Number of protein chains: 2
Amino acid sequence: MRLIVARCSIDYTGRLTTHLPEAVRLLMIKADGGVAVWHDGGSSVKPQNWMTPPTVIEEGDGQIVVRKLAGVTEDRLEIGIVEVLSDVTHDMGEAAALEKDGVERDLQEALAAAPAWCGEGFRLVRREWPTDIGPVDLMCRDHQDGWTAVEIKRVATIDAVEQLTRYLERIRRDPAMEFCAGVLAAQVIKPQARVLAEARGIACVEVDLDVVRGDREPELTLFA
Amino acid sequence: MRLIVARCSIDYTGRLTTHLPEAVRLLMIKADGGVAVWHDGGSSVKPQNWMTPPTVIEEGDGQIVVRKLAGVTEDRLEIGIVEVLSDVTHDMGEAAALEKDGVERDLQEALAAAPAWCGEGFRLVRREWPTDIGPVDLMCRDHQDGWTAVEIKRVATIDAVEQLTRYLERIRRDPAMEFCAGVLAAQVIKPQARVLAEARGIACVEVDLDVVRGDREPELTLFA
DNA sequence: ACTTAGATTTCGCCG
DNA sequence: CGGCGAAGTCTAAGT
């Protein structure tokens, strides 16, 4: 990885066009051709400009040009170098993957193992119940043996309600599942999603991953 | 901005938990307390780990700990330093904002100035036509003087169709606009969005920003 | 190869 | 400050 600290101005043309006036910035150039431009202010996560590989990098004449074929046209990042303050290269060796726990998939697994958190007396029939427009996260039977489709999100927005509504519409075409109910289970449910869901007769359940796993005691406020 | 290149392992706990095994990485520490962790492989745009300000950074004993209050709990980034290969700080001065052109807003402006690109004989009634669930991008009259609501996207997915459908449902509650038509205008319309739109009687128009502005000649394939 | 859905999405605007 | 929509979203998985 090459790290250049330089006073520079930058123009990008591609899916849109942008301009950055002259300032001191960090240019991060990766071994695979990826380029990112950073400034001390602003976002810690998103560069001011960037280009993902594969790229062609041309350097010289007080300028670095990063080019990339994007369909018919060309994406282009033109970096006008006024003054180089530092220019170092570090060998970082092989990649090391990030191991994650706590994403939506993990919540689905935990709820599949303990479906009663989705509703009283719920028993799992199957995960990833297939419909012709995609799989429903969980299909359960409730305490009265009724069918219930469960949609799981980490954060549930109005889109999640629309998605579950589409699934229910397909599922209920089967006469045997004509009265299939719907439950939206999420770590966070946005207020508008809750309003729309309840207007459509869809139940909402907020769940905590650690509690579902049994790693943490439920708050006393639950079911209060 | 402080740039540390070090062999390190990293654990994050917060909205989820992650682990990174020992490897050489770049630690980018901004003046505002923002921290990002980079490796030579992988994304050019997203760090392996990060924490946005405000943070508290504690350093010492072969370890850097970045902490942040996140509601009741605490987000924590623990960086175990095995070997420091480089540690430099650069003053980058004041911020310099990015100027953009070509985002959705610009497409809306261009189509408002030339609504005929949305449909034959279209005349603009107003931009940001208000409904009780938010504003419709454009409200037009078509060549037969009928009302038409236009939803504009840079890339139109199935969500855009759902959004316009919700708007039309509200608009048509007004008896005077009972037959209001819908048009989805975008630089790119995804196939599934087109299918759903046409099933709902919503017209689809693909537009090019430069053409709408008159900066580029239309392709011969238009209207072919 | 293309499409879809998730993301510690992040970011910006507007109430 | 919270909610909502856009993003050069990016990225991984499934078809």
Side-chain angles (χ1 to χ4, degrees), chain A residues 12-18 34-37 42-53 66 68 70-71 73 75-77 97-98 100-108 128 130 133-135 137 151-160 162-163 186-195 209, chain B residues 12-18 34-37 42-52 66 68 70-71 73 75-77 97-98 100-108 128 130 133-135 137 151-160 162-163 166 186-188 190-193 195 209:
Chain A
Y12 165 76
T13 56
R15 289 191 239 192
L16 49 63
T17 64
T18 68
V35 176
V37 177
S43 169
S44 300
V45 167
K46 200 179 173 188
Q48 286 191 311
N49 275 122
W50 71 91
M51 198 165 301
T52 51
V66 185
K68 178 181 187 175
T73 59
D75 278 21
R76 175 180 282 255
L77 197 60
L98 181 66
K100 293 187 187 185
D101 179 42
V103 295
E104 183 184 303
R105 190 87 202 166
D106 302 308
L107 184 58
Q108 188 195 112
E128 307 283 353
I133 55 170
D137 288 327
E151 177 64 32
I152 298 169
K153 296 287 180 201
R154 217 182 60 79
V155 178
T157 64
I158 208 166
D159 289 342
E162 299 281 17
Q163 189 181 349
Q187 294 199 311
V188 177
I189 297 179
K190 297 290 184 179
Q192 287 214 0
R194 187 182 295 273
V195 170
L209 178 58
Chain B
Y12 165 74
T13 57
R15 289 193 249 191
L16 48 62
T17 63
T18 68
V35 176
V37 177
S43 169
S44 300
V45 129
K46 201 177 174 188
Q48 286 192 310
N49 277 122
W50 70 92
M51 197 168 297
T52 52
V66 186
K68 178 181 187 176
T73 58
D75 278 20
R76 175 181 282 254
L77 196 61
L98 181 67
K100 290 187 185 185
D101 178 44
V103 295
E104 183 184 303
R105 188 89 201 163
D106 301 308
L107 184 58
Q108 188 194 111
E128 307 283 351
I133 54 169
D137 288 327
E151 177 65 31
I152 299 169
K153 298 286 179 198
R154 218 181 55 77
V155 179
T157 64
I158 207 166
D159 289 342
E162 299 282 16
Q163 190 182 346
R166 287 196 296 271
Q187 293 200 311
V188 176
K190 296 287 183 182
Q192 287 215 359
V195 169
L209 178 58

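Each chain gets a letter, A, B and so on, in the order the sequences are listed, and its residues count up from 1. Here the structure is a predicted model, which means the values were calculated and not measured.
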- request: Given salt bridge (Lys or Arg N to Asp or Glu O under 4.0 Å), test B:Arg105 with B:Glu128 step by step and report yes or no.
  value: CA-CA 11 Å; B:Arg105 188 89 201 163; B:Glu128 307 283 351; 3.2 Å; yes
query: More 5' along DNA chain D: B:Glu104 or B:Ser43, using each one's nearest nucleotide?
result: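 Taking each residue's closest nucleotide, the earlier one in sequence belongs to B:Glu104.
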Most 5' of B:Leu98 and A:Gln192 on DNA chain D, judged by nearest nucleotide: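 Closer to the 5' end of DNA chain D: A:Gln192.
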Nucleotide [N], atom [atom2] - distance to [atom1] of [X] in whole Å:
X	N	atom1	atom2	result
A:Arg15	D:dG8	CZ	C1'	5 Å
A:Lys68	D:dG8	NZ	C1'	10 Å
A:Lys100	D:dA13	NZ	C1'	13 Å
A:Trp50	C:dT10	CH2	P	14 Å
A:Ile158	D:dA6	CD1	C1'	16 Å
A:Leu16	C:dG12	CG	P	14 Å
A:Leu107	C:dA7	CG	C1'	14 Å
A:Arg194	D:dG3	CZ	P	11 Å

query: Which one is paired to D:dG8, where only Watson-Crick or G-U wobble pairs with both distances under 3.5 angstrom count?
result: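 Partner of D:dG8: none found under 3.5 Å.
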- request: Taking atom NZ of B:Lys190 as the centre, report whether more than 12 heavy atoms of other residues, nucleotides or ligands fall under 6.0 Å from it.
  value: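 No - once you tally the heavy atoms of other residues, nucleotides and ligands closer than 6.0 Å, there are 12 at most.
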- prompt: To the side chain of B:Gln163, which of D:dG8, C:dT9, D:dA6 is closest?
  reply: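 Closest nucleotide among those given: D:dA6.
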Nucleotide nearest B:Glu151 (side chain, heavy atoms from C-beta), chosen from C:dT8, D:dA6, C:dT10: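 Closest nucleotide to the B:Glu151 side chain: D:dA6.
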Regarding [X], tell me which of base, sugar-phosphate or nothing describes its non-hydrogen contacts under 4.0 Å with the strands shown.
X	value
B:Lys190	nothing
A:Val103	sugar-phosphate
A:Arg105	nothing
A:Met51	base

- prompt: Can A:Arg154 and A:Val188 be said to form a side chain to side chain contact (heavy atoms under 4.5 Å, CB included), step by step?
  reply: CA-CA 6 Å; A:Arg154 217 182 60 79; A:Val188 177; over 6 Å; no
- request: Please confirm whether any donor atom in the side chain of B:Asp75 sits under 3.5 Å from an acceptor in the base of C:dT8, or the reverse.
  value: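 Checked by distance alone, the answer is no.
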Contact nearer the 5' end of DNA chain C, comparing B:Ala193 with B:Leu77: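 Result of the comparison: B:Ala193.
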query: If each of A:Val155 and A:Ile152 is mapped to the nucleotide of DNA chain C with the nearest heavy atom, which maps nearer the 5' terminus, i.e. the 5' end?
result: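 Final value for this comparison: A:Ile152.
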- prompt: What's the verdict on side chain to side chain donor-acceptor pair (under 3.5 Å) for A:Thr18 and B:Asp101, showing C-alpha distance, side-chain angles and the deciding distance?
  reply: CA-CA 6 Å; A:Thr18 68; B:Asp101 178 44; over 6 Å; no
Heavy-atom closest pair, residues A:Pro47 and B:Val45: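 For A:Pro47 and B:Val45, the tightest heavy-atom pair comes out as CD-O, 3.8 Å.
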